[in-house]
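Some notes on the structure that comes next.
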Amino acid sequence: RGTGQSDAPMPGYSIQDMADDVMGLMDHFGFSKARFIGHSMGGCVVQSIAFRFPNRIVSAMLSSTFIKLNASFRIFAKTRIELYKLQAPK
């Protein structure tokens, strides 16, 4: 959801929503457990899965992730998005 060129549904979605999406995919394909690798926001999703569904994780590797967004990171992320928009082909 909302990553790359995929749809970004309104009014928004949370890390927990994305973790639920992963669990839904696992259920759909019949996986009871998995090994997870999460980078950046993906690491937040894996942390949510580990906290909420610990019995579904064989192992997890996290890279460049965080537990909670602070005000400084939000400003950084918003600025980065604005810079991408300026560079986007028209």
Side-chain angles (χ1 to χ4, degrees):
R1 294 185 201 191
T3 302
Q5 296 180 14
S6 66
D7 291 341
M10 296 304 282
Y13 40 92
S14 67
I15 296 294
Q16 290 78 16
D17 292 334
M18 289 186 269
D20 290 341
D21 291 345
V22 173
M23 292 297 98
L25 280 170
M26 286 179 63
D27 291 342
H28 177 79
F29 289 108
F31 294 109
S32 60
K33 293 184 175 194
R35 298 178 190 278
F36 291 90
I37 298 173
H39 176 75
S40 192
M41 185 172 63
C44 295
V45 174
V46 174
Q47 289 176 74
S48 178
I49 292 167
F51 182 74
R52 296 170 54 226
F53 309 101
N55 59 325
R56 307 286 304 263
I57 290 187
V58 174
S59 62
M61 184 174 80
L62 305 176
S63 168
S64 298
T65 192
F66 47 92
I67 295 173
K68 181 179 177 182
L69 288 176
N70 62 27
S72 297
F73 187 85
R74 289 180 194 277
I75 292 168
F76 167 78
K78 184 176 179 179
T79 302
R80 195 167 93 182
I81 289 168
E82 293 303 318
L83 288 172
Y84 285 143
K85 287 179 183 177
L86 290 173
Q87 296 175 359
K90 297 185 186 205

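Heavy-atom basis, side chains included; hydrogens, waters and symmetry copies ignored.
- Two different hydrophobic clusters hold Val46 and Met61 under the rule that ILVMFWY side chains link at heavy-atom gaps under 4.5 Å.
- Between atom CD of residue Gln16 and atom CD1 of residue Ile49 there is a gap of 11.0 Å, rounded to the nearest 0.5 Å.
- Partners of Leu83 by side-chain contact (heavy atoms from CB on, under 4.5 Å), not counting sequence neighbours, listed by chain and number: Thr79, Leu86.
- Connection of Phe29 to Met26 is established within a shared hydrophobic cluster, with ILVMFWY side chains joined at heavy-atom distances below 4.5 Å, either directly or through further cluster members.
- Separation of atoms CD1 (Ile15) and OG (Ser48) is listed at 7.5 Å; rounding is to 0.5 Å.
- Sequence neighbours left out, the pairs with a member in residues 40-57 that pass salt bridge (charged side-chain N to carboxylate O under 4.0 Å, His left out) are Asp20-Arg52, Asp27-Arg56.
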What side-chain donor-acceptor pairs closer than 3.5 Å can you find for residues 31-43, not counting sequence neighbours?
unit_1 : atom_1 : unit_2 : atom_2 : d
Arg35  : NH1    : Ser59  : OG     : 3.3
His39  : ND1    : Ser63  : O      : 3.3
His39  : ND1    : Ser63  : OG     : 3.1

